[in-house]
Each structure stands twice: as C-alpha cells, then as structure tokens.
Amino acid sequence: MPKPRKRLAGAAGPTGPDNKGPAGKRTKTKNPVGTSATLGNSSPEKTSASKNCGKNLSSYWLMKSEPESRLEKGVDVKFSIEDLKAQPKQTACWDGVRNYQFTNGLCSGQCLHTSLGVLAKARNFLRAMQLGQEAFFYHSNCKEPGIAGLVKIVKEAYPDHTQFEKNNPHYDPSSKEDNPKWSMVDVQFVRMMKRYITLAELKTHYQAHKTTGGPLKNMALFTRQRLSVQPLTREEFDFILSLEEKEPS
DNA sequence: GCCAACGTTGGC
DNA sequence: GCCAACGTTGGC
C-alpha cells in the first residue's frame, strides 16, 4: 500500500460516523463531513487522557498527506491542502491511519513529551487531539515535501468507518464494529502558510539545532520519520511559524 | 519473547 | 524508481 494516509484509531466515538467519503486518501481523507462532523464530543478515552495528563499533552500537531496521485488498492490517495479547501466547510475526516504507534494510552505513566522517544504512535496521537487544536498540513511523498498550511481539529476522535468497508484500502477485517480499532478526527482548513516551508529548510534548521540546542532539535519529523500524525511542542510550532516571515534559508 | 523476514513509508 | 528506515509478523 502506498502510504498510510491517515490513520486513526478511534474507538471511542459516541456516534457512528455517517460520512462515507470516497476512500481515504493518504493521510487525510477528504470526506465531506457534513453530518457527522458536528458532534464534537470527546470520547471517553480522550477525556480521560486529558484528565490524566492534559498539561503534558501536546497542543500542536503535524499531519502528513500526499498531494500527488498515487493508487493504493486501486484508490487514489491524493489529498492536498487544496483538496481540503475544496471540501464543504473546508472540512474533511482524517481517516486511514492504521499505525498504532503508540500502544499505550497516552497517559499510561508518562506523557507525550517524555514518551516521544519511546512511544509515539499515530493512532494514539489522533486520539489525543482536542477540539480547536492546530496542526500543520504537511505534503509528503511528492516533489517538494513541506508544510503547506494550517488546519484545526473540529471533531475529536471517533471510529474510522473505513475500517469496516471491504473495498476500502483501509479495511481491517480484524476490527469489530462494537470495538473499533481505528479512529479518525475531522480537520478544517485554517489558512495557507504565508510561504511554503520545505522539508529541506526544516532539515537545515533541525541539523543546526541539534548542535545549538535550538527549538527543532528533537522534531518528530526527523526523529520519528514514519509517524504520519505527530505532536509538536509549542516551541517547535512557534519557530516554524516564525519562518514564514523570513527569507527561505 | 527473540529475531529474521517482510512490508510500508517517504525522501531523494 | 531506488532504497534506507523502521514497523509488523510469525516461526521457534
């Protein structure tokens, strides 16, 4: 399969999703969210995550999506930020995440920052996302990978319906309807970056920061390369935003 | 529970 | 299209 698109694991969603979008795209899907998107209640899991260690949870994220066409089981996984903007309400569900990267609950003992090096998993990160939090929309597996824009979480984790759809590339026969393995969240377009921040530029800073102790020194994009949904610290998020105002390095 | 084989991600 | 990194699977 191509890439992971979005995967999430949810399992907690209170209501069944009704969106049926086209199959997922890589990282994100773009299903119109209309009806189901308005339920923003957090699942029990999330709630407990927030209670247990909310102060340590990340509030900023980076989500990868593929802006160029690629077939996965016959389905095009392409989903660029322009595709997101074209959705009703500029909102889409981020489905297809099928990576547990974390097997623990986010809060079993430690919290994100300290556990990053050891635990990280896209699925659990998805479940940790909270309403209103912002994420960078990253274009991966393309000519010029990089951060294209900003999105925000408009619906917290709920079951990813694509896991039950046999012809969906993200079908998971081992997942039961009464105990879904995978979740998804809904994201809404916020704005484009003032300029496209390329992976190459981020990498230059990352490498410099490793020696200077700068804000990107532990950035997950480089230290956990295969995570399709990853947390950012506030320092990482703010530093990347500050790059918008500067000339590309 | 170890670890080799295999599959996937994603930059280049 | 190649291939490195790394997650997952399954034999033992």
Side-chain angles (χ1 to χ4, degrees), chain A residues 1-11 23-30 61-81 83-84 94-106 108 112 115-128 135-149 160 162-163 168-175 180-184 193 196-210 216-232 236 240 243 248-249:
Chain A
M1 351 185 136
K3 324 195 147 203
R5 330 117 183 274
K6 21 177 135 233
R7 349 177 116 187
L8 317 167
K25 315 256 77 246
R26 31 183 98 166
T27 319
K28 342 186 122 200
T29 337
K30 34 179 138 222
W61 308 94
L62 181 147
M63 303 171 84
K64 299 178 180 178
S65 189
E66 299 182 42
E68 297 176 2
S69 290
R70 187 173 59 79
L71 297 183
E72 189 170 322
K73 299 184 184 176
V75 176
D76 191 354
V77 298
K78 170 187 185 293
F79 193 69
S80 69
I81 197 162
D83 293 321
L84 176 62
W94 202 274
D95 65 281
V97 172
R98 294 289 182 278
N99 230 349
Y100 279 98
Q101 292 174 14
F102 258 60
T103 33
N104 292 330
L106 286 178
S108 55
L112 280 189
S115 56
L116 249 189
V118 191
L119 299 174
K121 306 235 160 164
R123 168 203 195 230
N124 292 354
F125 284 135
L126 273 178
R127 294 180 176 184
F136 286 125
F137 190 110
Y138 177 87
H139 281 170
S140 68
N141 206 21
C142 57
K143 282 291 163 53
E144 182 75 284
I147 295 171
D160 181 345
T162 63
Q163 68 196 303
N168 193 288
H170 302 121
Y171 175 60
D172 181 353
S174 71
S175 184
K181 283 189 177 180
W182 307 108
S183 303
M184 61 186 180
M193 297 301 280
Y196 189 73
I197 308 294
T198 67
L199 173 64
E201 178 174 357
L202 292 168
K203 185 179 286 183
T204 296
H205 291 293
Y206 163 68
Q207 288 173 335
H209 291 184
K210 277 194 295 182
L216 300 193
K217 65 179 186 299
N218 293 320
M219 191 177 179
L221 191 59
F222 304 105
T223 60
R224 318 249 1 148
Q225 74 176 200
R226 297 180 61 182
L227 264 187
S228 60
V229 174
Q230 50 188 253
L232 263 60
E236 289 165 343
I240 293 167
L243 294 176
S249 48

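It should be emphasised that the depicted structure is a prediction, and the values quoted were computed from it without experimental measurement. In what follows, every chain begins at residue 1, and chains take the letters A, B, ... in the order their sequences are listed.
Using a 4.0 Å heavy-atom distance criterion, K143(A) is classed as making no nucleic acid contact.
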Would you be so kind as to tabulate the donor-acceptor pairs closer than 3.5 Å made by side chains of residues 203-210 of chain A, with sequence neighbours excluded?
unit_1: T204(A); atom_1: OG1; unit_2: A200(A); atom_2: O; d: 3.0
unit_1: H209(A); atom_1: ND1; unit_2: L216(A); atom_2: N; d: 2.8

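Whole-Å rounding puts the H139(A) NE2 to dG11(B) P distance at 12 Å. As a whole-Å value, the separation of E68(A) CD from dC12(B) P is 14 Å. Look at CG on L202(A): it is 14 Å from C1' on dG11(B), rounded to the nearest Å. When the P atom of dG7(B) is taken as reference, atom NZ of K73(A) falls 13 Å away, rounded to whole Å. At whole-Å resolution of the value, CZ in R224(A) and P in dA4(C) are 21 Å apart. When the C1' atom of dG11(B) is taken as reference, atom CD of Q207(A) falls 13 Å away, rounded to whole Å. Between F222(A) atom CZ and dA4(C) atom P there is a gap of 20 Å when expressed in whole angstrom units. Note: CG (D172(A)) to P (dT8(C)) measures 13 Å, nearest angstrom.
To the nearest 0.5 Å, the span separating OH on Y171(A) from OG1 on T162(A) amounts to 11.5 Å.
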Side chain to side chain contact (heavy atoms under 4.5 Å, CB included) between F136(A) and I197(A), worked out: CA-CA 10 Å; F136(A) 286 125; I197(A) 308 294; over 6 Å; no
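Between K203(A) and the phosphate of dC12(B), there is a side-chain N or O to OP1/OP2 separation shorter than 4.0 Å.
S175(A) is linked by a side chain to side chain donor-acceptor pair (under 3.5 Å) to Q163(A), counting only residues two or more places apart in sequence or in another chain.
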